[in-house]
Amino acid sequence: MIDLTFPEQYVDILPEVRAFLAEEHRLYIGGRWVPALSGATFETSDPSSGRLLARVSSAQAEDVEAAVQAARQTFDSGAWHLKLTPSERGRLIWKLADLIESRAPILAQLDALDNGKPVSKAFKVDVPLSAEHFRYYAGWANKIEGATIPVNTVGMLNYTVREPVGVCGLIVPWNYPLLMAAWKIAPALAAGNCIILKPAEQTPLSALYLARLFEEAGFPPGVFNVLTGFGETAGAALVAHHGVNKIGFTGSATVARTILRNSAESLKRVSLELGGKSPNIIFADANLEQAVVGATWAIFGNNGQSCTTGSRLYIQRSVFDRVLTGMAEATARIRVGMGMGQQQPDLGPVVSAEQLQTVMGFIDEGQGSGARTVIGGRRMGGELANGYFIEPTIFVDVQEQMRIVREEIFGPVVCAIPFDDADQVLRAANETPYGLAAGLWTRDLQTAHRFAARLQAGTVWVNTWGDTDAASPFGGYKQSGHGREMGKEALDLYTEVKSIWIRVD
Ligand code: NAI
Ligand code: MG
């Protein structure tokens, strides 16, 4: 039995959440809840308190085999993409969105407990954006069209149809557990695919709860399957399996390279949404008040645990001190605390002991190599000592070749760097293997357009940061990924185009 007493400063844990946590957590395969064949389990814990939350089935290769068989069978039977009309599929996806919305308090608590993020943020951001995502793609289900092509042959009709790819293995990270799953599941479903979801081992709970909502909505069995487990076992087996047509992955570039290697034998489709070292550029002519707030949340939002986090901050020299002072003041006001605390904080802990170690490693290295800490730089103690809390940290006096400037930290750490002119900062901004996001703050129209055109990134924000929308495509240039999620572009990742020729004359 797991002891479900939590720190006394926690908000009340909902009875549904308590009941859910107390249950045995099995795999969801072919519409049934089954334990891992080997009986293996792993533990997931609360990063705010370090306390054990649940033991979850740890899928191994044989469980992946069972899930692929179930998903394949459903796909090959056409139960989802052929026997239901597109609008029937859309209606089920919409129903799922309604269920997500009606269980928002439960899902928010599960993600807050598992990931550490403030429950208020999970409730206001992660869960509603997930529901919205399903709604957006519910609308696409009956709008995925082909074309009639005027080919150069007399008496020949040529047209295209867009078909689902088949069985999709969706491997997602822990930073927005429900939302990252929704980004992939929703377009895959709308296009008629069957899905095997592999949530991150740090945050498996909301994915399991989501499977219940699929059941409740009445999806045909086998359309949606969940395998909780580790990347090196469950993830790797999914990637290698010849019965899986496509892998959709969000996570580290290192694992993405492994996935590309391991998918080579089956030549399956792979789309990748990876990290970044996103440049955020403040020009002297910007609305500096706006820019200070924007740059502070560009890095510290979700504790820097976002793929688009604005971790390289370039500030025009004439306003460098002013902006930095403003940011240090704004940062000092950030409240860091337990994700489930009654006094809701702005930021919770980082997700795990490993991330704590990685991020603190970067901070120590930065300090050791001569960078100066303007604010932050330490692990937090006191009543937060059992969790993985790090002070929001701003570095200055950094050199471009330092690891803290070049590598993704994925934590609340920003490097502020002064620049003199536009060409210099443009070169520096693009001097990275990544290309997920970039931003600038200026009142000058020409600068805004010039930089929007020349920054090598899948998203450019001007006088704003972090906006995403189900309708707007999102993804990376260079080593930040392959393919675009969201918008109508995501449908390309989950469809094959078939060209059909018919002699009519
Ligand atoms: P990761 O890339 O190892 O994990 C992401 C997902 O991939 C998880 O579901 C994991 O189980 C799975 N996975 C791991 N190894 C696999 C394999 N060999 N085959 C198939 N699937 C596999 O990320 P991790 O270790 O949690 O974090 C390490 C770093 O990755 C972070 O510090 C951050 O820099 C980056 N990261 C980036 C994210 C993003 O949104 N771009 C999200 C999470 C991590
Ligand atoms: Mg890993």
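Because the structure is predicted, anything quoted here is derived from the model rather than measured. For this chain, numbers begin at 1 and follow the sequence in order. We count ligands from 1, going down the list as the structure has it; atoms in each ligand are counted the same way.
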> Considering only heavy atoms of Ala200, which atoms of ligand 1 have at least one such atom less than 4.0 Å away?
Replying inline: 9 (O)

>> Between Tyr314 and Phe419 (judged by ring centroids, cut-off 6.0 Å), do the two rings come close enough to count as a pair?
In response: no

>> Out of all atoms in ligand 1, which are within 4.0 Å of some heavy atom of Cys307? Include the element for each.
In response: 39 (C), 40 (O), 41 (N)

> Counting heavy atoms only, which of Tyr434, Phe410, Phe249 is nearest atom 7 (O) of ligand 1?
Replying inline: Phe249

> Near Gly235, which atoms of ligand 1 are under 4.0 Å from a heavy atom of that residue?
Replying inline: 19 (N), 20 (C), 21 (N)

> Going by the atom numbers of ligand 1, which of them fall below 4.0 Å from some non-hydrogen atom of Ala236?
Replying inline: 19 (N), 20 (C)

>> Between Phe224 and Phe219, does the ring-ring contact (aromatic ring centres under 6.0 Å, His included) criterion hold? Intermediate values first, please.
In response: CA-CA 8 Å; Phe224 182 68; Phe219 280 79; 8.0 Å; no

>> With a heavy-atom distance limit of 4.0 Å, tell me whether Leu238 approaches ligand 1 through its side chain, its backbone, both, or neither.
In response: neither

> Is there a donor in the side chain of Glu273 and an acceptor in the side chain of Ser271, or the other way round, less than 3.5 Å apart?
Replying inline: no

> Going by atom types only, do Asp114 and Thr44 share a side-chain donor-acceptor pair under 3.5 Å?
Replying inline: yes

> With only distance considered, is Glu201 within less than 3.5 Å of ligand 1 through an N or O on each side?
Replying inline: yes

> Taking both backbone and side-chain atoms of Thr258, is any N or O found less than 3.5 Å from an N or O belonging to ligand 1?
Replying inline: no

> So which bit of Met180 gets within less than 4.0 Å of ligand 1, heavy atoms only: side chain, backbone, both or neither?
Replying inline: neither

> Does a sphere of radius 6.0 Å around CZ in Arg403 hold more than 12 heavy atoms from other residues, nucleotides or ligands, not counting ones at 6.0 Å or beyond?
Replying inline: yes

> Is the closest side-chain donor-acceptor distance between Glu215 and Trp33 under 3.5 Å?
Replying inline: yes

> Under a heavy-atom criterion of less than 4.0 Å, does Gln305 contact ligand 1?
Replying inline: no

>> Less than 3.5 Å apart, any donor N or O on the side chain of Asp46 or Tyr10 sitting next to an acceptor on the other?
In response: yes

> Just which atoms of ligand 1 are under 4.0 Å from any heavy atom in Val255?
Replying inline: 1 (P), 2 (O), 3 (O), 13 (N), 14 (C), 15 (N), 16 (C), 17 (C), 22 (C)

>> Would Gly231 count as a polar contact of ligand 1, with the cut-off being nitrogen or oxygen pairs under 3.5 Å?
In response: yes

> What about Gly229: any of its N or O atoms under 3.5 Å from an N or O on ligand 1?
Replying inline: no

> Just wondering, are more than 12 heavy atoms of other shown residues or ligands nearer than 6.0 Å to CD in Glu265?
Replying inline: no

> So, does Gln344 use its side chain to make a donor-acceptor pair with the main chain of Ser120 at under 3.5 Å?
Replying inline: yes

> Counting from 1, what ligand 1 atoms have a heavy atom of Val172 closer than 4.0 Å?
Replying inline: 6 (C), 8 (C), 9 (O)

>> Looking only at the side chains, is there a donor atom on one of Trp441 and Asn280 sitting less than 3.5 Å from an acceptor on the other?
In response: yes

>> Between ligand 1 and Leu274, is the shortest N or O to N or O distance under 3.5 Å?
In response: yes

>> Would Trp174 count as being in polar contact with ligand 1, using the rule that some N or O on each side must be under 3.5 angstrom apart?
In response: yes

> Near Gln202, which atoms of ligand 1 are under 4.0 Å from a heavy atom of that residue?
Replying inline: 26 (O)

> For ligand 1, which atoms sit closer than 4.0 Å to a heavy atom of Gly275?
Replying inline: 41 (N)

> Would you say Glu354 contacts ligand 1, with heavy atoms under 4.0 Å as the rule?
Replying inline: no

>> Between Phe474 and Trp183, is the ring centroid distance below 6.0 Å?
In response: yes

> If you count the non-hydrogen atoms of other residues, nucleotides and ligands that lie under 6.0 Å from CD in Glu65, is the total more than 12?
Replying inline: yes

